[in-house]
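One structure below.
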Amino acid sequence: MNTLSAALTRTIAAALLVMPASLWSQTGTIRGTVRLSGSAPAPRVITVDKNPEVCGESLNARDVMVSGGNVAYAVASVEGVAGDPGEREYTLANEGCMFDPPVLATTAGGTLLVTNQDDVLHNTHLNMVRGTRTRTVGNWALSRKGAEITADRPLRRAGRIEVECDAHSWMHAQIVIFDHPYFAVSGADGAFEISDVPVGTHTVKIWHEVFGELEQSVTVEEGTAATVTFTFSP
């Protein structure tokens, strides 16, 4: 490196050190809570009609999971913001004759690992939803406990996938795929957090497979956390 280049490099480095954070790190965080007003519906009880020796006589459905008014498994996303989704691996397990998790949010271009944790055959069938139509994007028989398959084809593009087990009619799950990294799924306490969101005013959308959709405008400031609460009415 010549003297001029070295001097220029030192000047740029020094400028970056004193540059206000707002000029080079223009991101913040969105922290939210998803709630349900009024009384939560009672858990739907599923009568097991196949493999009760493994699955039990009955199971509680997991499409509505509300505790203390907090809604779990609602998908939050920032609308209209581009960003590299990255290449990540996600796991969908057949466990206890249910899918775990029942709602999975993923990135386009990621890899899906499907596993069987039960000592019974499961057939995991993935259908991409396009309007009123669906198309199979994955269909695998996992015949024994410990069986697994890794696939990237189902996560090639953004959208929503409905998952079912062809061997057990009550087993269902949802996979929501984004082409950006600004999304999260609410936990048992209804809370979610989306980090590294570009500063500005954005629309945040909440999707729940039973309660539907909500959205709010949220302003993100550099280096701080914007808080928001979404409330579904049953």
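As a basis for the values below, the full set of heavy atoms in this structure was taken, side chains included, without hydrogen atoms, waters or symmetry mates. Keep in mind it's a predicted model, so treat the numbers as computed, not measured.
The heavy-atom pair separating His208 from Phe211 by the smallest distance is ND1-N, 3.1 Å. Residues Ile177 and Pro154 approach most closely at CD1-O, 3.6 Å, considering heavy atoms. Considering all non-hydrogen atoms of both residues, Val210 and Asp63 come closest at CG2-O, 3.8 Å. Nearest heavy-atom pair across Leu59 and Cys97 is CD1-O, 3.8 Å. Among all heavy-atom pairs drawn from Ala76 and Ile194, the shortest one is O-CD1, 4.1 Å. Considering every non-hydrogen atom in both Asp179 and Pro85, the closest pair reads O-CD, 3.8 Å.
No hydrogens or angles considered: a donor-acceptor pair under 3.5 Å links the side chains of Arg35 and Asn70. A donor-acceptor contact closer than 3.5 angstrom is absent between the side chains of Thr29 and Ser195. Side-chain contact of Thr150 with Glu148: a donor-acceptor pair under 3.5 Å is absent, judged by distance alone.
When each of Thr111, Thr107, Thr106 is tested with Tyr90 by the rule side chain to side chain donor-acceptor pair (under 3.5 Å), just one qualifies, namely Thr107.
With rounding to the nearest 0.5 angstrom, the CD atom of Glu89 is 10.5 Å from the CG atom of Leu155. Between the CG atom of Asn127 and the CZ atom of Arg135 there is a distance of 10.0 Å, given to the nearest 0.5 Å. Taking CD1 from Ile175 and CG from Leu112, the interatomic distance works out to 5.0 Å, rounded to the nearest 0.5 Å. For the atom pair CD1 (Ile46) and OG (Ser169), the distance works out to 8.5 Å, reported to the nearest 0.5 Å. Taken to the nearest 0.5 Å, the OH atom of Tyr73 stands 5.0 Å off from the CZ atom of Arg62. Rounded to the nearest 0.5 Å, atoms OG1 (Thr91) and CG (Leu104) are 8.5 Å apart.
Looking at Glu209, its side chain never comes within 3.5 Å of a backbone N or O of Ala173 through a donor-acceptor pair. In terms of modelled atom types and a separation under 3.5 Å, the side chain of Arg160 and the main chain of Gln174 share no donor-acceptor contact. For Asp118 (side chain) and Val120 (main-chain N/O), no donor-acceptor pair under 3.5 Å exists by modelled atom type. Checking side-chain atoms of Ser186 against main-chain N and O of Ala74 turns up a donor-acceptor pair under 3.5 Å.
Classified by interplanar angle (parallel below 30°, tilted 30° to 60°, perpendicular above 60°), the ring pair Tyr182/His180 is parallel. The aromatic rings of Phe230 and Phe192 are tilted relative to each other, their planes meeting at an angle between 30° and 60°.
Residue-environment remark: CZ (Arg88) exceeds the threshold of 12 foreign heavy atoms within 6.0 Å. Atom CZ of Arg130 has more than 12 neighbouring heavy atoms from other residues, nucleotides or ligands inside a 6.0 Å radius. For Glu79, the CD atom sits in a packed shell: over 12 heavy atoms of surrounding residues, nucleotides or ligands are nearer than 6.0 Å. Shown here is Glu213, whose CD atom has more than 12 heavy atoms of other residues, nucleotides or ligands within 6.0 Å.
Linking Ile, Leu, Val, Met, Phe, Trp and Tyr whenever their side-chain heavy atoms come within less than 4.5 Å leaves Leu121 and Val54 in two separate clusters. The same ILVMFWY cluster, assembled from side-chain heavy atoms under 4.5 Å apart, contains both Val176 and Leu92. Cluster membership check: Val71 does not share its hydrophobic cluster with Phe183, using side-chain heavy-atom separations under 4.5 Å among Ile, Leu, Val, Met, Phe, Trp and Tyr. Linking ILVMFWY residues whenever their side-chain heavy atoms come closer than 4.5 Å, directly or via other members, places Ile161 and Leu142 in the same cluster. Val34 is connected to Val197 through a chain of hydrophobic side-chain contacts under 4.5 Å among Ile, Leu, Val, Met, Phe, Trp and Tyr, so both are in one cluster.
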